[in-house]
Amino acid sequence: SSLRHHGPPWRAIGRAMFGASKADWEREIAVPDEAWPDLRAWFEVIDANVPTPIVEPPRNFTFTIVTDASRWGWGAIVHSDAGVATLQRPWGTSLQGWEHLSVHTEPEAVWRVLCLTINPQRHADVRLLTDHQPFVAAWERGYSPAAHLNGVIGRIKARFPLMSLVAAH
């Protein structure tokens, strides 16, 4: 529809809500009539609940790590022979105002969980699962057009020379 190409008006509401207070999320809103076809289409996809196969890599990993980041901080689930651990930490002031941008926070979450989990002086085969496709692509290529992403990749390679990392989205 023409609404999709020109940007529906409710996207502006979504952008405004991104930085809104918790009280604003409790407000009642009127859903514009032109939004209902898109909402129905999304509901049909969700309601179908089509399974997505997970292809297991043909190797044993020392660690399987799942990461995610938010404006508040980062979290991870770490699976190893020792069991399953969960980690989470706030950013505090460490990201110097970039904590609201996932292009910065997601790779930084990877860096931080590796620092807390992997011994840089021992070999480790690590499977990393992240929802940040640019990190996965950059890791596979060995570089990124984005300087901050190259910085994270450089830090990882320098600190963990004995680690084999397979990243997946």
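If you're wondering where the values come from, they're calculated on a predicted model, not measured in any experiment.
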Side-chain touch His79/Phe61, heavy atoms, less than 4.5 angstrom: no
Point-to-point distance, once rounded to the nearest 0.5 Å, from CD1 of Ile156 to CE of Met163: 6.0 Å
Can you give each donor-acceptor pair under 3.5 Å made by side-chain atoms of residues 136-143, sequence neighbours left out, with the distance rounded to 0.1 Å?
{"residue": "Trp139", "atom": "NE1", "partner": "Leu165", "partner atom": "O", "Å": "3.0"}
{"residue": "Arg141", "atom": "NE", "partner": "Tyr143", "partner atom": "O", "Å": "3.4"}
{"residue": "Arg141", "atom": "NH2", "partner": "Tyr143", "partner atom": "O", "Å": "3.3"}

For Arg89, all residues meeting salt bridge (charged side-chain N to carboxylate O under 4.0 Å, His left out), sequence neighbours excluded: none
Same cluster for Phe135 and Leu116 if Ile/Leu/Val/Met/Phe/Trp/Tyr side chains link at under 4.5 Å? yes
Can you give me the closest heavy-atom contact between Trp91 and Glu108, atom names plus distance? CZ3-CG, 3.8 Å
ILVMFWY cluster, Val166 and Val66 together (side-chain gap under 4.5 Å): no
Other residues, nucleotides and ligands only: do more than 12 of their heavy atoms fall within 6.0 Å of CG on Asp47? yes
Could you state the interatomic distance from CD1 (Ile118) to CD1 (Ile65), rounded to the nearest 0.5 Å? 4.5 Å
Under the criterion side-chain contact (heavy atoms from CB on, under 4.5 Å), I'd like the reasoning laid out for Leu87 against Thr117: C-alpha separation, chi angles, the key distance, then a yes or no. CA-CA 10 Å; Leu87 302 168; Thr117 306; 3.9 Å; yes
When rounded to the nearest 0.5 angstrom, what is the spacing between CD in Glu106 and CD in Gln133? 12.0 Å
Got a second to check how far Thr67's OG1 is from Leu128's CG, nearest 0.5 Å? 5.0 Å
For Pro107, is there any backbone N or O sitting under 3.5 Å from a side-chain donor or acceptor partner on Trp74? no
Determine whether a donor-acceptor pair (N or O, by modelled atom type, separation under 3.5 Å) exists between the side chain of Asp125 and the backbone of Thr62. no
Point-to-point distance, once rounded to the nearest 0.5 Å, from CD1 of Ile77 to CD of Gln88: 11.0 Å
Specify the closest pair of heavy atoms between Ser144 and Leu149, including all atoms of both residues, with the distance to one decimal. OG-CD2, 3.5 Å
Mind checking the CZ-SG spacing from Phe160 to Cys115? Nearest 0.5 Å is all I need. 4.5 Å
Where Ala109 and Asp68 come nearest, the two heavy atoms and their spacing: CB-O, 4.0 Å
